[in-house]
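Structure first, then comments.
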Number of protein chains: 2
Amino acid sequence: MARTVGLAPSAVLERLRKLEGRGIVQGYAALVAPRTVGLGQLAFVAVRVSGTGEQEESAGARLAAVPEVLEVHHVAGDDCYLLKVRTSDAQHLGTLLRQRLGRIPGVVSTRTTVVLETVKETVRLPLGPSTRQGDGSADDPRAATAVAR
Amino acid sequence: MARTVGLAPSAVLERLRKLEGRGIVQGYAALVAPRTVGLGQLAFVAVRVSGTGEQEESAGARLAAVPEVLEVHHVAGDDCYLLKVRTSDAQHLGTLLRQRLGRIPGVVSTRTTVVLETVKETVRLPLGPSTRQGDGSADDPRAATAVAR
DNA sequence: GCTGAAATAATGCCTTT
DNA sequence: AAAGGCATTATTTCAGC
C-alpha cells in the first residue's frame, strides 16, 4: 500500500490505525470464491413479515442469525426484508426456505429470485471524484471530514 | 491466522498460497463502512433488457462498468439483471438511474428497491458442517476435492 | 502528519518427520 | 501435510521534525 500511494510505510500504517479507530475500516478479509467451496447457488429472497414493529425486528434478527443468509436489508415497499442467500444448490435453497426461514415467527411469505450467473461482484466502493456528490449526510459528523483529510 | 488455528506460520502460509493458486482465495480486502465515506444509500435495481442474447450480454457488461454498481446478477424471471447499487443519497441514485443506467442500449426499464436499513451484511461464507450438503457441483472438478483435503 | 532508523515479525526455501 | 531452521524481507515501533 505504501508503494502504491508513494508514502512511507509507517505513515500508511498510522493512517490505517486511525481509520480503524474511527470505524471507517471495519476489518480485513480474504475473498473466497463461493463456487470453489461448494456454494454455487446464489439467490435473493424477499421476505414478508407480519405483526408489530417489535415482532418485525425480532424476525430480522432471526433471519440474520442464519449462516447462509449473508445479507438482511430492511427495504421500502411491500416486502419487509430482502435477503442475499448462498447455498450449495437449489435443493439446499429449498430446504433452507421451508425448514429455516419459513418457520421463523412472523414470516408470512417468501419470494425467491434465483441467480443464474453473476456478472460482477465486488466489495470495492466507488470512491472516485465522479461519485463524490452528496456526502456529509452520514450519521457520524466526523465521517464527512474524514474523507477529505 | 497461525495463532488462531494453532498451526506453524510457515504451514499456514503454504496453505494460503495453495488456496490462491487454485483460485479459492481470490484476494484480500479492507472492509470499509460505506456510510462513513459518504455512501449511505443502498438500493437493489431490477433491470429489464430487450434484444438478442448478444445484446443482453453487452448491456450486462456496461452495467458492470459503472462504479456505483457493485453487483450485477443475471437472474431468472421477468427481469434480466439484478443490481446492487451504492450512492451517496436518493438524489444521486435518481441521477444514476436516469443518466447512466437508463441510457445503456437495450435497457428497457428499471425497478428500484430502496434499502431503509441494513440489518446484516457479511462476506463470511457459511463453511460450517451444517451447511455442507450438496457440494461437488462446481464447474472446476478440482474445487470439490479441494475442500475435502 | 510524515520521515527514517531500529526492533520485531513475517516470508521463502530448505530439510526432516 | 506440517514442523523447524535460517537468511531475507517486511512490518511495527519510536523518536524527531
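Numbers restart at 1 for each chain; the letters A, B, ... are given by sequence-line order, proteins then strands.
At distances below 3.5 Å, not a single donor-acceptor pair connects side-chain atoms of Q99(A) with backbone N or O atoms of L96(A). Of the possible donor and acceptor atoms, none in the side chain of Y81(B) sits under 3.5 Å from a partner among the backbone N and O of V45(B). Remark: the backbone N or O of Q91(B) is paired with a side-chain donor or acceptor of T95(B) at under 3.5 angstrom.
Atom pair R15(A):CZ and dC2(C):P shows a separation of 5 Å (rounding to whole Å applied).
A salt bridge links E121(A) with K84(A); the closest basic N to acidic carboxylate O contact falls under 4.0 Å. Checked for salt-bridge contact, K120(A) and E68(B) miss the test: no charged N lies under 4.0 Å from a carboxylate O. The residues R35(B) and E117(B) are annotated as not salt-bridged, no charged nitrogen and carboxylate oxygen being separated by less than 4.0 angstrom. Using a 4.0 Å cut-off between charged nitrogen and carboxylate oxygen, E57(B) and R62(B) do not count as a salt-bridge pair. A salt bridge does not link E14(B) to R17(B): none of the charged nitrogens lies less than 4.0 Å from a carboxylate oxygen.
At its two ends the helix from dG1(C)-dC17(D) to dT17(C)-dA1(D) runs along axes set 40° apart, each axis drawn from five pairs and the angle rounded to 10°.
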Inset, instruction - Scan nucleotides 3-12 of chain D nucleotide by nucleotide, 5' to 3', and note B when protein non-hydrogen atoms come under 4.0 Å of the base, S if they reach only the sugar-phosphate, - if neither. - result: SB-------B

